[in-house]
Amino acid sequence: MMNRLGRDFFCRPSIQVSKDILGKFIAVGENRGMVVETEAYIGPQDKASHAFGGKVTERNRVEYLEGGFVYIYLVYGMYWQLNITTDGKGYPGCFLIRALDCGGDIKKTNGPGKLCRHLGLDNSFYGEDVAESGRIWFEDSRNRYSIASSPRIGIDYAGPYWSRRKLRFYIKDYEKYLPMPTS
DNA sequence: GTACAGATTGAG
DNA sequence: TCAATCTGTACT
């Protein structure tokens, strides 16, 4: 019996949502996966966020919607990155989904670009409402896991404070499958 | 208009 | 170590 996560779950601060979504499930069509790694992008003050300084572009405009909308974009010209908006309308918070456990080979879904490829996610999902959509949503779970945190990946350009802040969250049991900071 | 870096990945 | 290859930004 599925219990879909609704609007209220996502309309909270991104750090909170990034942690609470761990161990819960994403559904895309027939595919299911447990969320095991996320990163929070907390808002206009976050130098690593596309919305730093309140910037609005054609790409990031959906970030300013209330929580629960898909913000998906292309990096390096090749890989899609799946984010879900958080917070209230007008405040550009979101979280990035970096790894899933889909029950098969974890190596196929242990990166933000990989999991989008596995689930067939692309720009056609841009702006989709995960609280209402018939093709992408999240399901609740009572499972409880031990959560760990680290600096976010690939954002060294954000300066010492924002690149070091521990805004990446993951289920500790999956640590061995996930990239770890070099130092 | 040009140049270049980026929330990555897999091959060499 | 490096290239694939699209978007946004900072220039000319």
Side-chain angles (χ1 to χ4, degrees), chain A residues 10 13-19 21-22 26 28 33 35-65 67-87 91-102 104-128 130 136 138 147-171 174-183:
Chain A
F10 299 98
S14 55
I15 293 176
Q16 190 105 27
V17 182
S18 297
K19 291 194 268 192
I21 199 75
L22 294 173
I26 185 173
V28 181
V35 181
V36 301
E37 183 190 7
T38 59
E39 281 177 359
Y41 289 83
I42 71 176
Q45 72 273 44
D46 183 352
K47 276 194 177 175
S49 170
H50 292 161
F52 176 62
K55 184 176 54 176
V56 182
T57 66
E58 181 58 26
R59 181 177 69 166
N60 79 355
R61 62 188 161 76
V62 75
E63 281 202 87
Y64 290 82
L65 298 180
F69 290 85
V70 172
Y71 172 37
I72 190 166
Y73 65 90
L74 200 58
V75 277
Y76 304 113
M78 308 183 75
Y79 298 106
W80 296 100
Q81 308 279 287
L82 176 63
N83 300 253
I84 307 297
T85 63
T86 60
D87 299 272
Y91 189 89
C94 71
F95 67 94
L96 169 68
I97 301 180
R98 291 193 51 92
L100 299 173
D101 183 349
C102 294
D105 182 358
I106 186 110
K107 290 189 172 59
K108 292 180 178 174
T109 53
N110 66 344
K114 292 189 203 179
L115 68 90
C116 285
R117 189 174 54 194
H118 183 80
L119 295 175
L121 295 170
D122 59 24
N123 203 42
S124 74
F125 284 81
Y126 186 87
E128 196 86 1
V130 303
I136 182 170
F138 289 85
I147 295 174
S149 64
S150 86
R152 292 173 292 183
I153 307 292
I155 55 145
D156 290 346
Y157 62 85
Y161 178 75
W162 290 101
S163 65
R164 288 176 196 160
R165 241 187 109 171
K166 293 184 171 182
L167 295 175
R168 171 177 176 242
F169 306 98
Y170 56 90
I171 295 177
Y174 287 85
E175 194 166 82
K176 57 180 178 254
Y177 302 114
L178 306 176
M180 285 298 125
T182 44
S183 65

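Protein chains get the first letters and strands the later ones, always in sequence-line order, with residue 1 at the start of each.
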Check your understanding: Roughly how many Å is it from CZ in A:Arg59 to P in B:dG6, rounded to a whole number?
Key -> 12 Å
Check your understanding: What residues in residues 75-86 of chain A put a non-hydrogen atom under 4.0 Å from any atom of DNA chain C?
Key -> A:Tyr76, A:Gly77, A:Met78
Revision key, fill the gap. When every non-hydrogen atom of A:Phe169 is compared with those of A:Ser149, the smallest separation belongs to CD2-CB, 3.8 Å
Protein-nucleotides 2-5 of chain B N/O pairs closer than 3.5 Å?
none

Check your understanding: Could you write out DNA chain C as a dot-bracket string, with dots for unpaired bases, | for bases paired across to another strand, and Watson-Crick or G-U pairs counted at under 3.5 Å?
Key -> ||||.||||||.
Practice item. Verify the contact: side-chain N or O of A:Arg98 to OP1 or OP2 of B:dT8, cut-off strictly under 4.0 Å; return yes or no. Key: yes
Practice item. Give a yes or no on whether the backbone of A:Ile42 and the side-chain of A:Tyr91 come within a donor-acceptor separation of less than 3.5 Å. Key: yes
Check your understanding: When you measure from the side chain of A:Thr85 to the backbone N and O of A:Gly68, does any donor-acceptor pair fall under 3.5 Å?
Key -> yes
Check your understanding: Is a side-chain N or O of A:Ser163 found less than 3.5 angstrom from the main chain of A:Asp156, in a donor-acceptor match?
Key -> no
Exercise for review: Decide yes or no on side chain to side chain contact (heavy atoms under 4.5 Å, CB included) for A:Leu167 and A:Glu39, but give the supporting numbers first.
Suggested key: CA-CA 6 Å; A:Leu167 295 175; A:Glu39 281 177 359; 5.9 Å; no
Review point. Counting only N and O atoms by type, is there a donor-acceptor contact under 3.5 Å from the side chain of A:Ser14 to the main-chain atoms of A:Gly93?
Key: no
Check your understanding: How long is the line joining CD of A:Glu39 and P of B:dG6, in whole Å?
Key -> 15 Å
Check your understanding: If only atom types and distance count, is the side chain of A:Lys114 paired as donor or acceptor with the main-chain N or O of A:Lys107 below 3.5 Å?
Key -> yes
Point to revise | Nearest-Å distance for atom pair CG/P, residues A:Asp156 and B:dG6 | key: 9 Å
Check your understanding: After noting the C-alpha distance and the side-chain angles of A:Thr86 and A:Phe95, does the key distance pass the side chain to side chain contact (heavy atoms under 4.5 Å, CB included) rule?
Key -> CA-CA 7 Å; A:Thr86 60; A:Phe95 67 94; 3.7 Å; yes
Side-chain donor-acceptor contacts of residues 73-83 of chain A below 3.5 Å, not counting sequence neighbours, with atom names and distances?
| unit_1 | atom_1 | unit_2 | atom_2 | d |
| --- | --- | --- | --- | --- |
| A:Asn83 | ND2 | A:Tyr71 | O | 3.2 |
| A:Asn83 | ND2 | A:Gln81 | O | 3.3 |

**Study point:** Whole-Å gap separating P (B:dG10) and CG (A:Asp105)
**Key:** 11 Å
**Study point:** Boundaries of the DNA chain C segment in contact with chain A, non-hydrogen, under 4.0 Å
**Key:** C:dA4 to C:dT9
Study note, to complete from the structure: Note: A:Leu22 and A:Glu37 closest approach over all heavy atoms is CD2-N, 3.6 Å
Check your understanding: Should A:Ile153 and A:Arg168 be marked as a side chain to side chain contact (heavy atoms under 4.5 Å, CB included) after you check the CA-CA gap, both sets of side-chain angles, and the distance that decides it?
Key -> CA-CA 8 Å; A:Ile153 307 292; A:Arg168 171 177 176 242; 3.8 Å; yes
Exercise for review: With heavy atoms under 4.0 Å as the rule, sort A:Lys107 into base, sugar-phosphate or nothing.
Suggested key: nothing
Study note, to complete from the structure: In whole angstroms, the gap separating C1' of B:dT8 from CD of A:Glu37 amounts to 13 Å
Check your understanding: Can you tell me how far P of B:dT8 sits from NE2 of A:His118, to the nearest Å?
Key -> 20 Å
Point to revise | Donor-acceptor under 3.5 Å (A:Asn110 side chain, A:Leu178 main chain) | key: no
Practice item. Taking atom C1' in both C:dT7 and B:dG10, compute the distance separating them and give it to the nearest angstrom. Key: 22 Å
**Study point:** salt bridge (Lys or Arg N to Asp or Glu O under 4.0 Å) involving A:Asp46 - partner list, sequence neighbours excluded
**Key:** A:Arg152
Practice item. For A:Leu74 and for A:Asn110, locate the closest nucleotide of DNA chain B by heavy-atom distance; then report the residue assigned to the nucleotide nearer the 5' terminus. Key: A:Leu74
Practice item. Pick base, sugar-phosphate or nothing for A:Arg152, based on heavy-atom distances below 4.0 Å to the nucleic acid. Key: nothing
Check your understanding: Are any side-chain N or O atoms of A:Tyr126 and backbone N or O atoms of A:Val62, one a donor and one an acceptor, separated by less than 3.5 Å?
Key -> yes
